[in-house]
There are 2 protein chains.
Amino acid sequence: MDELDERALDQVAAFFSAFAVPTRLRILNTLRLGERNVGDLAQALGTSQANISKHLALLARLGVIAKRARGTSAYYHIVDPRVFDLCDLVCAQVGRRLTSEIAARDALLRSARPRTPRRARPSRP
Amino acid sequence: MDELDERALDQVAAFFSAFAVPTRLRILNTLRLGERNVGDLAQALGTSQANISKHLALLARLGVIAKRARGTSAYYHIVDPRVFDLCDLVCAQVGRRLTSEIAARDALLRSARPRTPRRARPSRP
DNA sequence: TGTATTTATCGCTAAGTGGTTATATAGTAG
DNA sequence: CTACTATATAACCACTTAGCGATAAATACA
């Protein structure tokens with residue numbers, strides 16, 4: 001059971017790491033619009049074909065996307081759109097974090113300039 | 001806007017990478033039970049105190065956990081339990097993947113032994 | 001005061017990986 | 001068959017990082 005737990009933990013970590021790379025997030029975000037082949041993705045994301053191919057292979061190995069060979073081209077598509085629930089959750093978390101960060105920075109600035117809550121600005125001549 | 005998008009993407013990727021390491025998943029899983037200090041976590045997870053401290057600092061920097069200093073000890077706790085929704089989603093994905101993998105392996109075995117859908121087993125004497 | 005305890009940080013190493021270029025493979029068109 | 005196109009893979013580099021031990025810093029306790 002400890003052994004199994006270890007395996008499962010590695011699997012979960014691997015799944016998370018699939019989403020831990022900006023390029024892969026961009027790939028998934030593009031595939032959200034529909035099936036794309038390797039070359040188009042490479043051009044769209046501004047990186048090499050080899051790089052895209054490697055990332056696609058990894059995502060396919062994890063079962064996040066699937067390949068459909070058509071002639072010499074390989075079209076990839078999202079297998080289970082539930083993966084976007086993941087991204088939405090994280091985006092929400094990041095969003096909250098950013099707003100709280102801004103609030104904190106704001107409070108800091110306010111406390112640095114402690115006095116005179118600035119009534120009206122003098123009008124420009 | 002492209003610049004902002006890039007920043008946001010990095011943030012999201014960083015958030016995912018926080019969960020992409022088995023040790024950090026174990027930390028979060030332990031903190032799920034309640035507040036813990038560094039030494040206890042190190043002992044519970046069987047790793048060095050320095051390692052745990054580093055992981056905790058990272059998770060705290062991302063806003064996933066928070067520190068409460070008490071004497072010379074530092075107690076950490078989950079900030080927003082919604083992070084476990086994330087883990088549950090991924091665990092479900094991994095679970096589905098494992099079952100489909102088993103099914104595929106099963107089908108492979110069945111096709112390797114192609115004939116005789118094996119009616120009844122001879123009864124044991 | 002000094003001693004013990006707890007945590008944070010530094011320096012380091014080994015391993016993993018995202019990116020590149022170059023090459024191999026496999027379809028397609030002529 | 002040859003040339004071309006699209007993808008996958010290999011070799012490599014640069015960088016990050018998970019882990020360790022050692023040490024510093026801070027607090028509690030005698």
Side-chain angles (χ1 to χ4, degrees), chain A residues 5-7 9-31 34-77, chain B residues 5-7 9-31 34-77:
Chain A
D5 218 47
E6 187 111 355
R7 289 268 184 186
L9 223 60
D10 286 355
Q11 291 272 342
V12 172
F15 208 95
F16 272 116
S17 65
F19 298 85
V21 172
T23 297
R24 284 204 281 269
L25 291 178
R26 284 201 300 230
I27 289 177
L28 292 175
N29 196 46
T30 304
L31 291 186
E35 206 178 43
R36 292 285 189 282
N37 65 13
V38 183
D40 288 351
L41 282 170
Q43 183 164 11
L45 305 189
T47 182
S48 72
Q49 170 266 321
N51 191 26
I52 293 290
S53 186
K54 236 178 3 176
H55 286 306
L56 290 171
L58 186 147
L59 289 170
R61 208 155 40 74
L62 284 179
V64 178
I65 63 178
K67 178 177 19 175
R68 185 180 64 95
R70 191 76 173 180
T72 68
S73 293
Y75 289 84
Y76 287 86
H77 61 95
Chain B
D5 218 48
E6 186 110 356
R7 289 268 185 186
L9 223 60
D10 286 355
Q11 291 272 343
V12 172
F15 207 95
F16 271 117
S17 65
F19 298 85
V21 171
T23 296
R24 284 203 282 269
L25 291 178
R26 283 202 299 230
I27 289 177
L28 293 175
N29 196 46
T30 303
L31 290 186
E35 207 177 43
R36 292 286 189 281
N37 64 14
V38 183
D40 288 351
L41 282 170
Q43 182 164 12
L45 305 189
T47 182
S48 74
Q49 170 265 322
N51 192 26
I52 293 290
S53 186
K54 232 177 6 176
H55 285 306
L56 289 172
L58 186 147
L59 289 170
R61 209 157 37 76
L62 283 179
V64 178
I65 63 179
K67 177 174 25 171
R68 184 179 65 94
R70 192 76 172 180
T72 69
S73 295
Y75 290 84
Y76 286 87
H77 60 95

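Letters A, B, ... mirror the listed sequences (proteins, then strands); counts begin at 1.
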Closest approach of L62(B) to A18(B) (non-hydrogen atoms, all atoms of both residues):
CD1-CB, 3.3 Å
R61(A) side chain reached by L58(A) side chain, heavy atoms, under 4.5 Å
yes
Separation of dA8(C) P from L56(B) CG (nearest whole Å)
7 Å
Separation of L58(A) atom CG from dG19(C) atom P, in whole Å?
12 Å
Do T47(B) and H55(B) pass the side-chain contact (heavy atoms from CB on, under 4.5 Å) test, and can you show the C-alpha distance, the side-chain angles, and the key distance before you say yes or no?
CA-CA 11 Å; T47(B) 182; H55(B) 285 306; over 6 Å; no
How many Å lie between NZ on K67(A) and C1' on dA26(C), as a whole number?
11 Å
Between Y76(A) and dA8(D), does any side-chain N or O lie under 4.0 Å from OP1 or OP2?
yes
How do V21(A) and D40(B) order along DNA chain C: which one's closest nucleotide is nearer the 5' end?
D40(B)
Is the closest side-chain heavy-atom distance between V38(B) and Y76(B) below 4.5 Å?
yes
Would you say K54(B) places a side-chain N or O within less than 4.0 Å of OP1 or OP2 belonging to dC10(C)?
no
Let's see if you can work this out: which of dG19(C), dG19(D), dT7(C) has an atom nearest to the side-chain heavy atoms of T23(B)?
dG19(D)
Q43(A) atom CD, over 12 foreign heavy atoms within 6.0 Å:
no
Check every atom of dA8(C), dT7(D), dG19(C) against the side chain of S73(A) and return the nucleotide holding the closest atom.
dT7(D)
Strictly below 4.0 Å: does H55(B) bring a side-chain N or O up to OP1 or OP2 of dG19(D)?
yes
For D10(A) and dA15(C), give me the distance from atom CG to atom P, rounded to whole Å.
17 Å
F15(A) versus V64(A): any side-chain heavy-atom pair under 4.5 Å?
yes
Nucleotide dA8(C), atom P - distance to CZ of R68(B) in whole Å
14 Å
Rounded to whole angstrom units, what separation is found between the CG atom of L45(A) and the C1' atom of dT20(C)?
16 Å
Nearest-nucleotide 5' precedence on DNA chain C, T47(A) against A74(B)
A74(B)
Base, sugar-phosphate or nothing for S53(B)? Non-hydrogen atoms, less than 4.0 Å.
base
Which atoms of nucleotides 21-30 of chain D (N or O only) lie under 3.5 Å from a protein N or O atom, and what are those distances?
none

Roughly how many Å is it from CD1 in I52(A) to C1' in dT7(D), rounded to a whole number?
13 Å
Just by modelled atom types, is the L41(A) backbone N or O under 3.5 Å from a matching donor or acceptor in the R26(A) side chain?
no
Tell me the interatomic distance from R36(B), atom CZ, to dT6(C), atom C1', rounded to whole angstroms.
17 Å
